[in-house]
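A short worksheet on the structure shown next.
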Amino acid sequence: MKNFDQEIIFIYNAKSDVFSVVSDFAHKIFSPSTYPCSLCQLTHGHVGVNKKWASFLETIPYNKRFLHKDEALEVNIDLLNKPLPIILVKKNTGELYTLLNASELGQLTSVDDLIERIKHLLNK
């Protein structure tokens, strides 16, 4: 995989406040099919990050940032007209491009699918 000191930014369709975290936890348990963040569903279990996902992240030579939707604006990422969740790549120049959009993430069925898709896209 290429690395030009680029950054991969994962933006979840969830808020970071305590109430939202607790609500999301319950939502994922009681009604997972209606949970609005496919990226969360793929990368996190009920009690934390999927171990396979965490191991994969250690292998990719990119800086990584993980944001909730309410944190994205705080770091000046304009999400206007971009449904969440989304995975972006920030180039050295500061330019952002979409690696995987919400629709593409919603079509993936497992963390293995997500890992393979990211590997493929990063090797282009």
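Note that the coordinates shown come from a computational prediction; the quantities given were computed from them, not determined experimentally. Along the sequence shown, residues carry numbers from 1.
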**Message:** For the NE2 atom of His68 and the CZ atom of Phe10, what is their distance to the nearest 0.5 Å?
**Reply:** 13.5 Å

**Request:** Please examine the side chains of Ile87 and Ile11, heavy atoms only from C-beta on, and report whether any two atoms are closer than 4.5 Å.
**Result:** no

**Complete:** Distance col, row Arg117:CZ vs Leu42:CG, nearest 0.5 angstrom, shows 13.5 Å

**Message:** Using the side-chain hydrogen bond (donor to acceptor under 3.5 Å, both in side chains) criterion, which residues pair with Lys52? Sequence neighbours excluded.
**Reply:** Asp112

**Message:** Using 0.5 Å steps for rounding, measure from the CG atom of Asn50 to the SG atom of Cys40.
**Reply:** 12.5 Å

**Pairwise side-chain contact, Asn92 with Gln6, heavy-atom cut-off 4.5 Å (strictly under)** = yes

**Prompt:** Within the distance-only criterion (no hydrogens, no angle test), does the side chain of Ser110 pair as donor or acceptor with the backbone N or O of Asp113 below 3.5 angstrom?
**Reply:** yes

**Request:** Side-chain contact test, heavy atoms from C-beta onward, threshold under 4.5 Å: evaluate it for Leu105 versus Leu108 and give yes or no.
**Result:** yes

**Message:** Just to verify, what does Gln107 make a side-chain hydrogen bond (donor to acceptor under 3.5 Å, both in side chains) with, not counting sequence neighbours?
**Reply:** none

**Asked** Could you give the distance from CD1 (Ile9) to CD1 (Ile86), rounded to the nearest 0.5 Å?
**Response** 10.0 Å

**Message:** Pair Tyr12, Thr43 - check side-chain contact (heavy atoms from CB on, under 4.5 Å), show working.
**Reply:** CA-CA 10 Å; Tyr12 297 97; Thr43 62; 3.8 Å; yes

**Asked** Would you say the side chain of Leu39 lies within less than 4.5 Å of the side chain of Leu84, judging by non-hydrogen atoms?
**Response** no

**Prompt:** Glu95: what forms a side chain to side chain contact (heavy atoms under 4.5 Å, CB included) with it, not counting sequence neighbours?
**Reply:** Lys91, Thr93

**Message:** Taking the side chain as everything from C-beta on, heavy atoms only, tell me whether Leu121 gets closer than 4.5 Å to Leu100.
**Reply:** yes

**Request:** Please round to the nearest 0.5 Å and tell me the distance separating atom NE2 of His120 and atom CD1 of Ile115.
**Result:** 16.0 Å

**Asked** Taking the side chain as C-beta and beyond, is there a heavy-atom pair between Leu114 and Phe56 under 4.5 Å?
**Response** no

**Request:** Would you give the length of the straight line joining atom CG of Leu96 to atom CG of Leu99, rounded to the nearest 0.5 angstrom?
**Result:** 12.0 Å

**Asked** Given side chains that start at C-beta, do those of Ser38 and Pro85 come closer than 4.5 Å, heavy atoms only?
**Response** yes

**Message:** Tell me if a side-chain donor or acceptor on Lys90 pairs with a main-chain N or O of Leu88 at a distance below 3.5 Å.
**Reply:** no

